[in-house]
Amino acid sequence: MPRLPFQGIFSRPFRRRFLRAVAAVGLLNLFSASVFAQVPATRVEPEGQVVIGVAQEPTRFHPLQRRTEVDDAVHLNVFSTLWSLSPEGNLVPDLAVEVPSVENGGISADGLEWRIKLRPDVTWHDGAPFTAEDVKFTIETLANPSYPSPSRHGHELVRDIEVVSPTEVRWRLERPFAPYLAILAWAGIAPQHILAGVTDPADPSFNNSPVGTGPFRFGERRPGDHVSLVANDKYHGQGPFLKQAVLKYIPDQIGLKTQFITGAVDAVLIPGIAPDLAKEVERAPGVKVHYSPNQFVEIIALNTQLPQFQDPAVREALYLALDKNTVFNEIYPTGTKRPTESFLPEQSWAYKKDLPEHRFDLGAARALLDKAGWKPGADGIREKDGTRLAFSISTIAGDHLREQFQQLLQQDWRSIGVDLSIKNAPSAALWGDFWRKSQFDSIIVGLIVPIASDPDPSNRFGSWAIQARGGTGLNTFQYDNPEVDRLLREGVGTFDRERRKQIYFEIQDIVRRDLPYLPLVQGRSIEGTKNGLVGYQPNLGYRVNAWNLRDWRWEK
Amino acid sequence: MSVESFPAASAAPARANTTVFHRFLRRRMAAVGLALVVLLVLACALGPFLLRHDPLTINMRGRFLLPFSDGHVLGTDEMGRDLLARILDAGRYSLLIGILAMSISVFVGGFVGIVAGFYRGILGHGLMRFVDGMLCFPSIFLLLTLAALTSPGVVTTTIIIGLTAWMSVARLVHSSVQELCQREFIAAARALGLRDWRIMIGELLPNVAAPLCVAATLIVARAILLESYVSYLGYGIQPPVASWGNMLQKAQQYFNSAPWLAILPGLMITIAVAGFNAIGDGLRDALNPRGRPG
Amino acid sequence: MVRRFGARLIQSVILLWIVSIVGFSLLYLTPGGPLAMFAETPGMTQEDVERLERQLGLDQPAPIQYLRWAGGLVVGDWGRSYRDDSPVLEVIGSRIGQTFKLMLAATAVAMSVGLATGILGAVRQYGRFDRVTTILTMIALSIPTFWFGLLVIYVFSQRLGWIPPGNAAPVGDDSWLSALHHLIGPALVLGLLSTAVWSRYMRSAVLETLAQDYIRTARAKGVLRSRLLFHHVLRNALLPMITLIGLELPSLFGGALVTETVFTWPGMGRLFFDSISYRDYPVILGMLIFSAILVISSNLIADTLYGVADPRLRRR
């Protein structure tokens, strides 16, 4: 294929949001034109406070270092990014005047030269002006291999960052890398004037009192209890409307629910309300329950290199003997999860709707195993060539709904002659080598397959991504199918959306047939807000739905 | 509660001509405790055979049944399993873990105590300093650290509890052995040229048996309690195996809608632990000829 | 006296050394690690995880990691938390206040109720009050703390609404009244076990004193019962209670861990639990060492105090 200049930008796994944004170039221009108009003529005096209950403790706020999802709730409100992601999936300029594109000249036609114009009117929470130096410092630090940045992905390609003026910065990419736009939407800009002088990256002083340009200033952290954010009255965008936002740490989901119902917290976010308690919360007066889809797809991952699982008949029989109906009617009440056959969230453009639908048929499962030569032994457990159909299933210890699910499975699978044992472990033990190096038999996990919303699943199904065999990636199923490998390579090598769609449809068909894992559901975050609290809006682009606290306020 | 946590000193006159068992039964608390424990053990051992419900059979359409409904005397749990069958089955594990963990503690503690008491030199000293070191950690800290960092399950939980409870036994045995070594019969045994291990097993062990029995009973109580803590915090026995502790953990999710799910296992723990504690107290007083009043 | 103290001090230091080795080996031998939770973070690659492991020094061999950590321990640098990079001592310091508050309140409950019931029970041995308290203390010694806590929350918080279901204080309300209100539940639950222990100790101590010859003599001489009790009996019976505070400390500390979990109290217990699930090794180790120091020094102090208070020991 001839290499067209414009296509350079698409030469890598890419974010559908950007594609959409590029497609709507006019829209982008509109955004950039209206950016200054966003600031209302008369600033609304912030008032009131909101207490958000979370079951994990936010502890890390350094924008250049590793964070968990709950830390993002602070990070996204204290720091600003060059551009951010709207719930519709568009890139919206924030510190930058406009999102660079080939059309507006921000990105050169070959996708290598980037030129970013910055807003002149932004100040740090300590009063210092925000300049291009801050952007340069942030990207250089993130790319520095000796700095403990969480991910150098994308930043490592940046060369020759040049501060043209306080409001303009330029750089060159080593090779065209389109997802970099989306990656920058997650990269909070750090203050160069404070951090440039810090030699020890583990110095906690900035972490404990971060200074950003976001709608909220960092208030205080009471360890083990809460973090408070205070309205930044010099914020360059719209809002905030709240005087204070508090992230209250309540260590367990039950306590979180109780405190929400009794009114001690105004909203429940991470990890939300347990599905089996959602109805109870809905009945409580004065609160709203939101069922917001997230990108997690829950599956039973199978370690396909296990002798039992090498036989495709076994995997199919196990799927036939999976009583999804009972699971979704009894364990997860209606509406809290959606059954799925794919590894992609249904919001993805590559999601295939008409995959063969799962059916629960114990008879068919038995017949299949009989035909494949798995004969019941003396204890009723099937075996073939000396291999018993016995294996273990793992998940995070203490996840009570998954535990209930496991026990149901145990009973159902026992009735087709499978001996399932339960072997759960705490998450820190589970996600180490046990998961990454495929030391499990089978495991219930929630996966996010798209990387930055691009549907390319190479990291999960490519035979080169098996860590147990020395690869790099998360193909923990040890799934090895030359046909899929070929399609994956083709999928990242082409820039034609329709062609890619066909490829990923085909992969979904093959994977659905091969069943390296048993698909279960796409997840939903069940979150709650008090009546009268407005502004809550789910956003698949972020890991936490507190991404927009600047819009939150109490109804008058 | 540690083994030596009660002062056993008094001036009440000894009743020399009553047997230990007699003295034991005379204490009402001890007798009641023994009765409770026997009853509990019998119920857990035999009960599951007599009930028509299996503790593991799931019925998702009959969850959270109230007591006395549908042939379930205590109702059903969050998976529609018969609660009575489950409580009795859980009792087997809880009691078994208590007793096995005690055996580990008594074995390790007794061994270390006798060896350290018999060989006074560097070995004995070193062993006892190690015991002191282990005793510095509050047991629940040690237990949780161990439990959280290994993969949870029946066997690991038992071993871990056993390994966090042996130190007090070692101390107790050590001091008794030191005292015994001063006595003439040990000197006589040495003079006769008996091998060290024969002195330790043949002479010392029988003489520390009495305090060891008391300690053992109290450790069973403690081990049951510790198991329930670890399982309650999610690092102990994992489903589908039930123990009283993990039943409680699962039940607290439904404390508002089905409180009996949480109340019953807790009651069982309390009864079992109180029973063993009462027996231990009674035994100590009965074995100690000076006897504590009260 | 001074020599005795000095010897004990040296012993304590050796103990701490043993404790540090035991604690470190425990953590080193376990699977998983503080970065395991980032394995499924979108955008974080395997290379990123391995680079961070190197930067945290987690790829070093065990003896080197131990020496590095233990060396810091000696000079007061206990390492930094993986969770928020703060120095471990600072992390512990930020929580210890809440836990001490809870322990203090629980001890106050335990001492007042426990001593009173113990004395009353002993004075009328085998009376009705004595029988009831004997049974109650046995139950209190046997009841699982967390279960009792759940019951208290269920009855007094959810059904009756008298006390809050948890937390040390609502956000933004720093008044002492609110703090006290939140303290009631956890203090009662944590204090229960100690109350039983105090009560039993006090009862047998009083009984023992009452059986002494000089008390019998005083009685025979017709000294008033109340005067006898307060002047002679209690003075002697209270002496061994000094050591009890020291002996009870580890179990009180451990009990606080469980109580804090039930009442979502932001103290050491919660810190320990969070650190364990995050594999925050420096903080877990720090807390193990800290609690060991607490236990060792309280034993040391109890011993010394007892030596000072009891002239018989001083002469030895």
Side-chain angles (χ1 to χ4, degrees), chain B residues 1-2 4-12 28-29 33 129-130 132-151 221 224-225 228-229 232-233 235 244-245 248 252 255-256 259 262-263 265-267 269-278 281 292-294, chain C residues 11 14-19 21-23 26-27 29-32 122 125-126 130 134-135 138-139 141-148 150-151 154 158 193 197 200-201 203-205 207-208 211-212 240 247 250-251 253-255 257-258 261 272-273 276-277 279 284 287-288 291-293 295-296:
Chain B
M1 194 174 61
S2 72
E4 346 58 331
S5 62
F6 307 114
S10 143
R28 204 180 298 170
M29 284 268 278
R129 288 297 78 75
F130 180 66
D132 292 343
M134 292 290 283
L135 274 171
C136 286
F137 300 117
S139 55
I140 197 101
F141 270 45
L142 200 58
L143 190 66
L144 267 183
T145 312
L146 277 170
L149 303 174
T150 53
S151 74
I224 294 174
L225 215 49
S228 74
Y229 283 138
Y232 167 73
L233 294 170
Y235 291 113
W244 288 329
L248 248 170
Q252 65 165 339
F255 209 50
N256 269 333
I263 291 174
L267 213 57
I269 299 171
T270 313
I271 292 174
V273 174
F276 279 106
N277 273 339
D281 279 7
R292 195 163 59 98
Chain C
Q11 263 179 27
I14 295 172
L15 265 187
L16 267 179
W17 175 62
I18 295 172
V19 161
I21 291 182
V22 172
L26 268 183
L27 293 196
L29 293 173
T30 55
Q125 195 185 5
Y126 302 129
D130 186 36
T134 308
I135 293 173
M138 181 53 87
I139 293 174
L141 286 171
S142 310
I143 203 165
T145 309
F146 61 90
W147 184 62
F148 183 59
L150 285 177
L151 290 183
Y154 183 66
Q158 304 208 327
L193 181 75
V197 175
R200 286 179 74 146
Y201 262 89
R203 180 173 177 274
S204 44
L207 282 179
E208 193 189 340
Q212 301 286 338
L247 286 175
S251 92
F253 201 59
L257 174 90
V258 181
T261 318
F272 188 69
F273 212 58
I276 273 190
S277 42
R279 302 275 148 124
I284 304 176
M287 288 182 71
L288 284 174
S291 57
I293 290 179
V295 171
I296 292 172

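Proteins come first, then strands; the chains are lettered A, B, ... in the order of their sequence lines, and each starts at number 1. Values reported hereafter were calculated over all heavy atoms of this structure, with side chains retained and with hydrogens, waters and symmetry mates removed.
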Which residues share a salt bridge (Lys or Arg N to Asp or Glu O under 4.0 Å) with B/Arg28, sequence neighbours left out =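 If we apply the salt bridge (Lys or Arg N to Asp or Glu O under 4.0 Å) test to B/Arg28, skipping adjacent residues, there are no hits.
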
Provide the closest heavy-atom pair for [X] versus [Y] in the form atom of the first, atom of the second, distance.
X	Y	value
B/Arg129	C/Leu15	O-CD2, 3.5 Å
B/Leu135	C/Val295	O-CG1, 4.4 Å
B/Asn277	C/Ser142	ND2-OG, 3.2 Å
B/Ile263	C/Leu151	CG1-CD2, 4.1 Å

Between C/Ile139, C/Ile296, C/Ile18, C/Leu150, which shows the greatest number of heavy-atom pairs under 4.5 Å with chain B?
-> C/Leu150

For chain B, the option from C/Thr145, C/Thr134, C/Ile21 that forms the most heavy-atom pairs under 4.5 Å =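 It is C/Thr145.
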
Can you tell which part of [X] gets under 4.5 Å to a heavy atom of chain B, answering side chain, backbone, both or neither?
X	answer
C/Phe146	both
C/Val19	both
C/Ile284	side chain

Under 4.5 Å from a heavy atom of chain C, the part of [X] involved:
X	value
B/Ala272	neither
B/Leu144	both
B/Pro259	side chain
B/Leu267	both
B/Leu143	neither

So, do B/Asp132 and C/Gln11 sit near enough that their side-chain heavy atoms are less than 4.5 Å apart?
->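 SC-SC contact between B/Asp132 and C/Gln11 ruled out.
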
Between B/Thr270, B/Ile224, B/Val273, which is the residue that forms a side chain to side chain contact (heavy atoms under 4.5 Å, CB included) with C/Pro144?
-> B/Thr270

Residue that, paired with B/Tyr229, satisfies side chain to side chain contact (heavy atoms under 4.5 Å, CB included) out of C/Val258, C/Thr261, C/Leu257 = C/Val258

Considering residues at least two apart in sequence or located in another chain, which fulfil the ring pair (Phe, Tyr, Trp, His ring centres under 6.0 Å) criterion with B/Tyr235?
->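 Once residues adjacent in sequence are excluded, the partners of B/Tyr235 under the ring pair (Phe, Tyr, Trp, His ring centres under 6.0 Å) criterion are C/Phe273.
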
Rounded to the nearest 0.5 Å, what separation is found between the CG atom of C/Leu16 and the SG atom of B/Cys136?
-> 7.0 Å

